Amino acid sequence: MQAVIEVPAFDTVSPLPWLVTSVAAGSWLALDAGCSDEEVGLFVGALAHRLDVESPGGRDEVVATLLAEEILIVAGGLRLLDTVTGMVVVPGCCAGLEDWRDWGQVLTGGSPWLGHDPGPEVEIGVDGGLRVWQDGGPNRHHGQWAGTSVVLPRLVLAGLLRNVREDLVGFLALVEAWTARNGLGENGTALVEAIDRNFTITAPLDLPSD
């Protein structure tokens with residue numbers, strides 16, 4: 001289980017005012033303590049994607065625009081990989097990383113909204129076992145499940161979510177170091193705090209099993 005964001009299609013006419021890793025739009029960037037400076041820059045750029053940045057659109061203007069937003073959101077969520085079968089389930093369209101903690105609902109028999117087109121969905125078996133389907137909605141309407149799925153033992157879910165939080169805490173430390181290297185000063189500190197707050201990273205992870 002990994003925290004990921006979907007890489008947006010950046011404007012090539014007005015590129016971001018810092019280095020970003022070169023990856024295809026629509027691909028997934030995993031967030032953890034092993035990310036490079038260019039990957040951190042890509043994440044911050046994704047946060048600012050489609051926001052109206054004041055001219056001249058440099059580094060300070062982009063960060064100031066982010067800080068002026070009431071909430072920060074970014075396409076993404078949690079990606080599941082079955083290391084035995086190789087099956088992968090990724091967040092659906094319009095899912096956001098900001099809702100990653102909603103996965104905790106599964107521990108009380110709920111199923112978080114994981115996006116649409118395709119519509120990932122969690123199937124809870126009669127024995128309490130979990131299977132996460134990449135495209136659960138349409139198939140379920142026909143009375144059956146089919147397609148790509150990942151089996152997720154319920155007993156390991158809490159641990160996986162704690163690992164995700166640990167990855168995000170490590171990534172947030174990289175963001176803090178990135179803002180310092182870019183000379184963002186107080187705005188850099190404020191940006192780190194805004195990311196922590198909007199994506200609920202360092203707050204304790206209270207799960208039903210605790």
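Given the structure is predicted, the values throughout are model-derived calculations rather than measurements.
- Under the 4.5 Å side-chain criterion, counting only non-hydrogen atoms from C-beta, Val151 is in contact with Arg131.
- Considering only heavy atoms from C-beta on, Ser149 stays 4.5 Å or farther from Gln134 through its side chain.
- Looking at residues two or more places apart in sequence or on another chain, you find a side chain to side chain donor-acceptor pair (under 3.5 Å) between Arg181 and Asp37.
- Distance check: Ile195 CD1 to Thr200 OG1 gives 12.5 Å after rounding to the nearest 0.5 Å.
- Legend: residues meeting salt bridge (charged side-chain N to carboxylate O under 4.0 Å, His left out) with Asp60, ordered by chain and number and at least two apart, are absent.
- Pairing each heavy atom of Gly115 with each of Pro120, the nearest pair is O-CD, 3.6 Å.
- Taking every heavy atom of both residues into account, Cys35 and Leu174 meet most closely at O-CD1, 3.4 Å.
- Rounded to the nearest 0.5 Å, atoms NE2 (His116) and CD (Glu121) are 14.0 Å apart.
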Starting from the C-alpha separation in whole Å, work towards a yes-or-no answer on side-chain contact (heavy atoms from CB on, under 4.5 Å) for Phe199 and Leu168. CA-CA 9 Å; Phe199 296 97; Leu168 288 172; over 6 Å; no

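- How far CD of Glu186 is from OG1 of Thr179: 12.0 Å, rounded to the nearest 0.5 Å.
- The two residues Arg154 and Thr108 make their nearest non-hydrogen contact at NH2-N, 4.3 Å.
- Residues Val4 and Leu78 have side chains not in contact (no heavy-atom distance under 4.5 Å, counting atoms from C-beta outward).
- Annotation: side chain to side chain donor-acceptor pair (under 3.5 Å) contacts of Arg79 (sequence neighbours excluded): Gln2.
- When the shell of 6.0 Å around CD of Glu166 is examined, it contains 12 or fewer heavy atoms from other residues, nucleotides or ligands.
- Side-chain contact check for Asn163 versus Met1: every heavy-atom pair is 4.5 Å or farther apart.
- Other residues sharing a hydrophobic cluster with Ile71 under the 4.5 Å side-chain heavy-atom criterion for ILVMFWY residues are Ile73.
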Determine, stepwise, if the pair Asp52 / Thr65 fulfils side-chain contact (heavy atoms from CB on, under 4.5 Å). CA-CA 8 Å; Asp52 292 327; Thr65 299; over 6 Å; no

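- Hydrophobic clustering (ILVMFWY, side-chain heavy atoms < 4.5 Å, transitive): Trp133 and Leu81 are in distinct clusters.
- A cation-pi contact, defined as under 6.0 Å to the ring centre and within 45° of the axis, is absent between Arg101 and Trp103.
- Residue Glu193 holds its CD atom at 9.0 Å from CD of Glu176, rounded to the nearest 0.5 Å.
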Candidate pair Trp18 and Glu38, rule side-chain contact (heavy atoms from CB on, under 4.5 Å), full reasoning: CA-CA 8 Å; Trp18 52 70; Glu38 290 78 11; over 6 Å; no

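- Two residues are said to be in side-chain contact when any heavy atoms from C-beta on lie closer than 4.5 Å; Leu161 and Leu205 meet this criterion.
- Within a 6.0 Å radius of CD in Glu69, more than 12 heavy atoms belonging to other residues, nucleotides or ligands are found.
- The CG atom of Asp117 sits 8.5 Å away from the CG atom of Asp135 when rounded to the nearest 0.5 Å.
- Between Leu19 atom CG and Glu39 atom CD the span is 13.0 Å, to the nearest 0.5 Å.
- Remark: side-chain polar atoms of Asp32 are paired, donor with acceptor, to backbone N or O of Gly34 under 3.5 angstrom.
- You'll find the side chain of Leu97 reaches within 4.5 Å of the side chain of Leu31, heavy atoms only.
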Below 3.5 Å, can you tabulate the donor-acceptor pairs from side chains in residues 83-96 to any protein atom, sequence neighbours excluded?
| residue | atom | partner | partner atom | Å |
| --- | --- | --- | --- | --- |
| Thr85 | OG1 | Asp82 | OD2 | 3.4 |
| Thr85 | OG1 | Met87 | N | 3.2 |

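- Residue Leu67 places its CG atom among more than 12 non-hydrogen atoms of other residues, nucleotides or ligands, all under 6.0 Å distant.
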Run the numbers on Val192 and Leu172 for side-chain contact (heavy atoms from CB on, under 4.5 Å), then give the verdict. CA-CA 7 Å; Val192 172; Leu172 188 65; 3.9 Å; yes

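- Other residues, nucleotides and ligands place more than 12 heavy atoms under 6.0 Å from the CD atom of Glu61.
- Residues Trp28 and Ile5 form no side-chain contact, since every pair of their non-hydrogen atoms from C-beta on lies 4.5 Å or further apart.
- Taking hydrophobic clusters as Ile, Leu, Val, Met, Phe, Trp and Tyr residues chained together by side-chain heavy-atom distances below 4.5 Å, Leu152 does not share a cluster with Leu155.
- The shortest side-chain heavy-atom distance between Val175 and Asp196 does not fall under the 4.5 Å cut-off.
- Taking all atoms of both residues into account, the shortest heavy-atom contact from Glu70 to Asn198 is O-OD1, 4.1 Å.
- Trp113 shares a hydrophobic cluster with no other residue; no ILVMFWY side chain has heavy atoms under 4.5 Å from its own.
- Of all the heavy atoms in Leu66 and Leu51, the pair that sits closest is CD2-CD1, 3.8 Å.
- For the residue pair Arg59 and Pro17, the shortest heavy atom distance occurs at N-CG, 3.4 Å.
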